[in-house]
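Just so it is clear: chains get the letters A, B, ... in the order the sequence lines come, proteins before strands, and each one is counted from 1.
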There are 2 protein chains.
Amino acid sequence: MSCSDVVERRLRAVGLRVTAQRLAVGEALLHAADHRTAEEVQARLQVESAQPVSLATVYRTLHTLVEHRVVGHLDRGRGSAVYEWLDPQHPHHHALCVDCGVEVEIAPRLLERFGRAVMAESRFTPFLDHLALVGRCAACEAQTRSG
Amino acid sequence: MSCSDVVERRLRAVGLRVTAQRLAVGEALLHAADHRTAEEVQARLQVESAQPVSLATVYRTLHTLVEHRVVGHLDRGRGSAVYEWLDPQHPHHHALCVDCGVEVEIAPRLLERFGRAVMAESRFTPFLDHLALVGRCAACEAQTRSG
DNA sequence: CTTATTGCAAAAGATTTGCACTCCA
DNA sequence: TGGAGTGCAAATCTTTTGCAATAAG
């Protein structure tokens, strides 16, 4: 199954019309190892794709895809927001150390348990497949305590 | 100890100069039950304070206070960023519905439990005193499932 | 066919910045 | 007194929107 097929299936799965622009934007994010800003997505399409997409459409497409949880959206408050393809089969999260910047893996089990508890007690369904946690890794935390 | 004193002490504690504008901005956030945008802070000062502050200074002051962890910053990604006075004794969580934008209160107990579990099993110390969760409120989630 | 989607360009905001002046430490 | 802080207005920058044309289902 090609990358294009992956995107197309995902679009249909959430009930969205399949357009050349949405496929292009989706593939740009699917191919990206890291996250991309809207402008980076568009720039990539200018170079690598036969389908140039206007920036307005990139924004509209990203917004739509985020709404349908096909892509994740992260706004760290500085400059542009970033987006990334979400794989329902492999949920992930961002646990970023404020001191050294390392990304730490968090056991999905913990997130699931937390999510269920929140749903049960707070009448809110958190999207934990793309949670952005900030904190300290073990090494930096130890250093903070000793120092 | 007056509210003004609370702000002043905090400013001095982090090594910042004490100015009428910083006191005013700090008090505006300290008095706010919820969080405020920069414009809301300024508007409040026009009405309630003898110290009007330019919007540029409000932004600069907020930025400075956030840097010194006196104030918390939250960017909903839509519209303006919001700020709030940080009180270590009263952690504040944000659970924002992606569909209707409502903010839902999450029981602090759940976050504490989650934080302890993460620390114990994942060697990461999450900062949960100002966590921003994204998801759907009960109403929008029900609508999504039925629709 | 019917309605959603797109492109273009202009608009809308939110936040920042240059510069001269003011005030805290 | 010196350097940080402030006001004003213009500038920047990201994201949104109106409208006519186009394309998906």
Side-chain angles (χ1 to χ4, degrees), chain A residues 4-5 7-28 35-43 45-46 49-68 70-71 73-83, chain B residues 4 7-29 35-43 45-46 49-68 70-83 98 101 147:
Chain A
S4 173
D5 288 338
V7 176
E8 181 170 346
R9 286 191 180 198
R10 200 89 183 78
L11 289 176
R12 294 195 192 283
V14 298
L16 285 174
R17 285 192 180 183
V18 178
T19 69
Q21 289 86 346
R22 285 177 178 169
L23 287 174
V25 169
E27 282 187 69
H35 9 245
R36 297 257 162 85
T37 66
E39 290 216 333
E40 285 166 354
V41 167
Q42 194 207 19
L45 296 187
Q46 302 284 11
S49 169
Q51 178 64 53
V53 182
S54 74
L55 192 54
T57 293
V58 170
Y59 274 110
R60 276 189 287 226
T61 300
L62 288 172
H63 186 258
T64 301
L65 296 181
V66 168
E67 269 187 341
H68 289 81
V70 172
V71 311
H73 168 270
L74 199 59
D75 194 333
R76 290 192 167 137
R78 349 160 195 157
S80 318
V82 292
Y83 304 83
Chain B
S4 174
V7 176
E8 180 170 347
R9 286 190 180 198
R10 200 91 184 77
L11 289 175
R12 294 196 192 283
V14 297
L16 287 173
R17 285 194 180 182
V18 177
T19 69
Q21 290 87 344
R22 283 176 180 171
L23 288 174
V25 169
E27 282 187 68
L29 289 178
H35 35 63
R36 297 254 162 87
T37 67
E39 290 214 334
E40 285 166 353
V41 167
Q42 194 207 20
L45 297 185
Q46 302 284 12
S49 170
Q51 178 64 53
V53 182
S54 74
L55 192 55
T57 293
V58 170
Y59 274 110
R60 276 188 287 228
T61 300
L62 288 172
H63 186 258
T64 302
L65 296 181
V66 168
E67 268 186 341
H68 288 81
V70 174
V71 161
H73 168 271
L74 187 63
D75 196 330
R76 307 171 180 177
R78 204 150 134 185
S80 318
V82 292
Y83 303 83
V98 294

* To do: Apply side-chain contact (heavy atoms from CB on, under 4.5 Å) to A:Leu11 and A:Leu65, showing your working.
  => CA-CA 8 Å; A:Leu11 289 176; A:Leu65 296 181; 3.6 Å; yes
* side-chain contact (heavy atoms from CB on, under 4.5 Å) between A:Thr64 and A:Leu16, worked out -> CA-CA 9 Å; A:Thr64 301; A:Leu16 285 174; 3.6 Å; yes
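Nearest-nucleotide positions on DNA chain C place B:His63 closer to the 5' end than the other of B:His63 and B:Val18.
Residue contacts for B:Arg22: at a heavy-atom cut-off of 4.0 Å it reaches the sugar-phosphate backbone alone, with no base atom in range.
The nearest whole Å value for the distance from the CD atom in A:Glu40 to the C1' atom in D:dT14 is 13 Å. Atom CD of A:Gln51 is separated from atom C1' of D:dA24 by 14 Å (rounded to the nearest Å). Computed from coordinates, the B:Gln21 CD to D:dA4 P distance equals 17 Å when rounded to whole Å. Rounded to an integer number of Å, the gap from A:Arg60 CZ to D:dC19 P is 13 Å.
Of the inter-residue distances, the one linking A:Leu55 atom CG with A:Arg60 atom CZ reads 10.5 Å to the nearest 0.5 angstrom. Here the CZ-CD distance, from B:Arg22 to B:Glu27, works out to 15.0 Å after rounding to the nearest 0.5 Å.
Counting 5' to 3', DNA chain C first comes under 4.0 angstrom of a heavy atom of chain B and last does so at the ends given by C:dA14 to C:dA25.
Other residues, nucleotides and ligands contribute more than 12 heavy atoms inside 6.0 Å of the NE2 atom of A:His68.
Looking only at distances, a side-chain donor or acceptor of A:Gln42 sits under 3.5 Å from a matching main-chain atom of A:Val53.
Put simply, the side chain of B:Leu62 reaches to within 4.5 Å of the side chain of B:Leu29, judged on heavy atoms. Residues A:Gln51 and A:Leu23 have side chains not in contact (no heavy-atom distance under 4.5 Å, counting atoms from C-beta outward).
Remark: B:Pro52, B:Val53, B:Ser54, B:Ala56, B:Thr57 in residues 52-59 of chain B come within less than 4.0 Å of DNA chain D through at least one heavy atom.
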